[in-house]
Amino acid sequence: MAKHTDIARVLAEQKTGEKIEVKGWVRAFRANRFIALNDGSGANNLQVVVDFEQFDESVIKGISFHSCIAVSGTLVESQGSGQAVELQADTIEILGGNDLEKYPLQPKRQTMEFLRENAHFRMRTNTFSSVFRLRHALAFAVHSFFNEEGFYYMHTPIITGSDAEGAGEMFQVTTLDVKDSPKTDEGQVDYSQDFFGKATNLTVSGQLQAEIGALAMGKVYTFGPTFRAENSNTSRHLAEFWMIEPEVAFADLKDNMDLAEAFVKYLINYVLDKYMDDLNILDARIQQEEKNMKAELRRPMGLIETLRFVVDNEFARITYTEAINLLRSSKPYKKGRFEYDVEWGVDLQAEHERWLVEKKFQKPVIVTDYPKDIKAFYMRMNDDGKTVAAMDILFPGIGEVVGGSQREERLNVLMDRMTEMDVHHDELDWYLDLRRFGGNKHAGFGLGFERIVQFITGMTNIRDVIAFPRTPGSAEF
Ligand code: 4AD
Ligand code: MG
């Protein structure tokens, strides 16, 4: 018999009358007769019909939840209503039996927390295989968007000597013995003896190096892992996450916003166009989950409806100052329902972002021109001397999905800003060189990949859209 066929292909081609072989994991086995078989190639299961009298009892017993089997037989038109075709089994081989007495997962609804602890098995469930297929599709769409737009993909370093965000939330990289490191005369760790001859860390962002690319190749983007040692145990933070960072020469803040909005919409359209089966599974999962919830806790729209709404509507665009004014005249502010104060100069908290996005505008919102003191040193100073050409894109249910800015291209202004924010000039001399020699205005942003995957899959916890999450106190697998 020929090589086995992917189930996705069997279901797409529906070549009834043909003899085929499939291999996969049992999702369910009903009435000793109907196997729902899935091999991960697509969202839908293949129904395998078993005439149990034809098979050894040991084979029938071996067909259990998540056991691995090979089936050969004839593809026929289905007698049942749930599917167009089904496989009439001639032979069944148990490739990997599964003892349900010992297997951690069981064929029933299990909590996300439990599945997270069993991340080595959760990809076999409907929900997670859909999430990870969509994650793949979105990664692919990222490259396809930028390639179509004439951008070059650039690999920026994972190990670096600079702190791109100036926020100091870095994981150190060293080969020195932490218990007995060499010391300088002043008693400090002597990094000149370290592997790179200086202190290094895992990158928090590829932006600064992407700026090098943009000021030579015009339009570039990075897409790689980034690392942040911020101690945030929330449903939106990871210590290791993937970020997409385009950087564009001759672009200003408005160009940057337009690019970001077009990019996010492209990603959503891509999966609406090609991955409806997976989106339907996730949409149904949410409806099931919300069935017993109070109306006010349920999402205002279904998953697919939300995605369509986002691509069909323009994002709202407001300045930080306008956002503060709106918040200060809002009902929850006046009634003292916000936990954190709203005051010009202070960063927006999640509760404020949520009110703007979910209550006031009810769609994604781009907030621009933040106070300089709450943003990074490289953002371009506005003429008012108080705000910078920054933009954050806020999404319903998630909050900040994109953070970006026009970059400060004026050497003196940049140097003053670095001094003000305690970023040493000599450590970023090459960055200053980009302003000294053949510089020009440019802009870019970072999209948190897991956050957009979270939004598109409707998963409430960011740990459930990356196969092996790294969070404070946890680095399993
Ligand atoms: O706003 P951030 O910190 O911006 C930068 O790093 C810039 N250098 C980007 C640029 O202009 N090229 O991070 C960008 C995005 C955030 O909007 C958020 O979506 C995501 O990265 N992000 C995180 N995602 C998951 N876990 C974390 N701990 C994250 N921190 C940021
Ligand atoms: Mg940010």
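Since this is a predicted model, take the numbers as computed values, not measurements. Every number for a ligand or one of its atoms is a count from 1 in the order of the listing.
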Do any pairs count as a side chain to side chain donor-acceptor pair (under 3.5 Å) and have a residue in residues 119-128, sequence neighbours left out, and if so which ones? R27-N126, Y103-R124, R122-D464

According to side chain to side chain donor-acceptor pair (under 3.5 Å), does anything in residues 211-225 pair up with another residue at least two apart or in another chain? List the pairs. H143-Y221, Q207-E211, E211-Y431, E211-R435, E211-H442

When you measure from the side chain of [X] to the backbone N and O of [Y], does any donor-acceptor pair fall under 3.5 Å?
X    : Y    : result
K363 : E314 : yes
D194 : T175 : yes
S41  : A8   : yes
D273 : Y270 : no

Aromatic plane relationship, Y320 with W344 - under 30° parallel, 30 to 60° tilted, over 60° perpendicular: perpendicular

Heavy-atom nearest pair, S129 first then M123, reads CB-O, 3.4 Å

Atom pair CZ (R228) and OG1 (T203), whose distance is rounded to the nearest 0.5 Å: 8.5 Å

Checked the Mg ion (ligand 2): protein N, O or S atoms closer than 2.8 Å come out as E400 OE2

Within the 4.0 Å heavy-atom sphere of ligand 1, strictly under, residues: E165, S205, Q207, R228, E230, R236, H237, L238, F241, M243, E245, Y378, E400, V401, V402, G403, G404, R407, G444, F445, G446, G448, R451, I462

